[in-house]
Amino acid sequence: MKTMKAFLKYYKPYKKLFFTDMFCALTLSGIDLVFPLLVGFLMDEVYVLKDISKVMKYIALVGSVLLVMYIIKYFCQYYITSWGHIMGTYMESDMRRELFEHLERLSFSYYDEVNTGKLMSCIVNDLFDISEFAHHGPEDIFISAIKIIGTFTILSFINIKMTLILIVFTLIMLYFSLYYNRKMKKVFAANRERIAGVNAITQDSLGGIRVVKSFANEEIEMSKFDDGNNAFVETKKSSYFIMGRYHSGNSFFQSLLYLATVLIGGLLITKGEMSLSELTVYILYINTFLVPVQKLVDFTEQLQKGMTGFERFLKIMNTKPEIQDAKHAEKLTKVQGDITFRDVSFGYGDETILSNINLRIPAGKTVALVGPSGSGKTTFCSLIPRFYEVSSGSILIDGKDIRDVTQRSLRDMIGIVQQDVYLFGGSIKENISYGKPLASDSEIIAAAKKANIHDFIMSLPEGYDTYVGERGVRLSGGQKQRISIARVFLKNPPILILDEATSALDNESERYIQKSLDELAKDRTTLVIAHRLSTIKNADEILVLTPNGITERGNHRELLDRQGIYAHLYNMQFEAV
């Protein structure tokens, strides 16, 4: 009931469409219930008349009434099929938007554990089934209820004995449906999990297609896909076996109902307890009764698909972002860039990454982080924009705890250039303007010039309107990196984080980009995660981060003279050169 209550709220914006749809469904049901009565009237009152002119008059009248009813039925059916489905589409769109908005709010920690392909399965497949259920569900239940109740009422007046037999068969069919309904719920849930797994494998493989081909591992990927695909086929087979027994069983009971009606009806006719016309009308009503029963049978399958999908939807929607704005959170403005770590500790689960970090980075200074892989350098920087929440302690910017300001205003003040550059599918202009969506063309060009990428862009046939391809596949690593730097130039934040921004580049690209980064870092508080230690010689302070915390700090000359970890790392790189 809790799930259903959550589902019903999505009808609220479309109440007019919904109630009009229900009114049309009521009209359709009424027309279907009237038809056998008119047939009975013709057989009992009209066809027995000797006066041909009266017979023709009644036939014309009944025919005219039926024609008008069928014209009304046409428009009602049109509304149900068109606007009923449109209402379902509107609801699907609302859910999809709400889901996407919620996914955008979830913290990094959620995406550390959840596969993107499974989320895509929910956004596309689950919501489509929910949409179909949203439209057909209430409509089918309403029509079926009216027809079944109406049919039972009318048939009771025709012959109560036959109606009691009908009730017995209906109860048997109801028990049969509920029994298989429970089975289908389990198997449809398994189907959802399996197809989500297939989507996850596909997304993972296609996303890394260049790595796959570079290792010539297409067969391995096919093997993984086949495993997931075959598992999906097996659950589908199980569901179809259950559905086969379900539908064939209901069809069998319906056939028995017709058989019982004909046999018992014939017996009652011979006893004079029923007329032939009454049996004819009864059989017509049996058909009117079985259509909604069949709809309910089909509805149970739709219900399970829709509700299973909606439960998966709710599971995501009920996932609370690990990091949320405090109720008293203020907007962070006029930032100078002074950063303070006070007894900061952080860990993933039971694993401690950072412990009791105390540090102050004065505004406008450049601080470099070095250390062995896995020592927590990227995590250290990720705590400042609150991509992850500190386990204990606090981080302050200009004396304000970052938990007391809104996430958006905090991140607006921070620019990040990463080693793994992500460019969105679109033009170069669109990717640069991501740093400031309302920027003018002149601002975009100025940012590109500062990043030393303007001349290259202008050499392209379409200039700034050049399509970069998925993840910027049409550009080199250095070109993508300079576009990402231009993006930060355009944003113009007071705090800058450079996460190994040049470590994956060749020497020539690194020289270009290092020049851009030096320009970008001017007059900003800058944190640099460095792999190539030659790039941080001029940093105001260098921190050596190890699993034991900050073990060394000082400028380049001081740390070399100390002959500690930093000197060892620097000499190793120098010797390698």
Side-chain angles (χ1 to χ4, degrees), residues 1 4 22 25-44 69 73 133 136-185 242-304 307:
M1 290 303 297
M4 188 58 70
M22 290 299 100
L26 175 64
T27 305
L28 281 179
S29 302
I31 291 171
D32 288 339
L33 287 172
V34 167
F35 175 73
L37 288 176
L38 290 176
V39 171
F41 170 74
L42 289 173
M43 293 182 70
D44 287 338
M69 288 168 59
K73 184 177 180 179
F133 169 69
H136 291 292
E139 173 193 302
D140 287 349
I141 292 174
F142 189 61
I143 291 174
S144 299
I146 291 173
K147 285 187 176 182
I148 290 171
I149 293 170
T151 300
F152 271 128
T153 303
I154 295 169
L155 291 181
S156 296
F157 283 105
I158 295 174
N159 192 291
I160 190 65
K161 290 181 180 179
M162 289 278 285
T163 305
L164 290 174
I165 294 170
L166 179 63
I167 290 173
V168 171
F169 272 94
T170 303
L171 291 175
I172 293 171
M173 291 173 68
L174 178 62
Y175 173 79
F176 181 82
S177 297
L178 290 174
Y179 175 76
Y180 275 96
N181 190 50
R182 287 193 294 269
K183 287 195 169 189
M184 285 197 295
K185 183 176 182 179
I242 292 172
M243 285 170 59
R245 291 193 291 271
Y246 180 59
H247 287 288
S248 58
N250 272 293
S251 179
F252 175 70
F253 286 125
Q254 290 175 21
S255 299
L256 285 181
L257 186 57
Y258 273 115
L259 179 61
T261 302
V262 172
L263 294 178
I264 296 171
L267 184 62
L268 292 174
I269 288 173
T270 59
K271 290 184 175 183
E273 297 179 16
M274 194 175 199
S275 66
L276 184 60
S277 63
E278 285 177 333
L279 180 59
T280 303
V281 173
Y282 209 98
I283 291 172
L284 287 174
Y285 270 115
I286 291 295
N287 185 60
T288 305
F289 165 75
L290 287 178
V291 169
V293 169
Q294 186 59 49
K295 271 188 175 292
L296 289 178
V297 169
D298 295 338
F299 167 73
T300 53
E301 178 186 342
Q302 197 173 70
L303 170 67
Q304 293 308 330
M307 283 295 99

| Taking Ser29 for the side chain and Lys147 for the main chain, is one N or O donor matched with an acceptor at less than 3.5 Å? | no

| request: Could you grab the distance from atom CD1 of Ile269 to atom CD1 of Ile264, nearest 0.5 Å is fine? | output: 12.5 Å

| Atom of Gly265, atom of Leu279 and distance for their closest heavy-atom approach | CA-CD1, 3.9 Å

| Would you say Thr27 and Lys73 make side-chain contact, with heavy atoms under 4.5 Å? | no

| task | To the nearest 0.5 angstrom, please state how far the OG1 atom of Thr153 sits from the CD1 atom of Ile148. | result | 11.5 Å

| message | Can you tell me how far apart CD1 (Ile283) and OG1 (Thr261) are? Round to the nearest 0.5 Å. | response | 7.0 Å

| request: Output, in order, the C-alpha distance, side-chain angles, deciding distance and verdict of ring-ring contact (aromatic ring centres under 6.0 Å, His included) for Phe253 and Phe176. | output: CA-CA 10 Å; Phe253 286 125; Phe176 181 82; 5.5 Å; yes

| remark: dist Thr163:OG1 -> Ile158:CD1 (nearest 0.5 Å) comes out at 7.5 Å

| query | Say you draw a straight line from CD1 of Ile146 to CD1 of Ile141; how long is it, rounded to the nearest 0.5 Å? | reply | 12.0 Å

| Under the 3.5 angstrom rule, does the side chain of Thr270 hit a backbone N or O of Leu267 as a donor-acceptor pair? | yes

| field | Shortest non-hydrogen contact from Met22 toward Phe142 | value | O-CE2, 3.2 Å

| said: With rounding to the nearest 0.5 angstrom, report the CG to CG distance, Asn159 to Leu166. | reply: 11.5 Å

| query | So among Ile167, Leu268, Leu155, which one has a side-chain contact (heavy atoms from CB on, under 4.5 Å) with Met162? | reply | Leu268

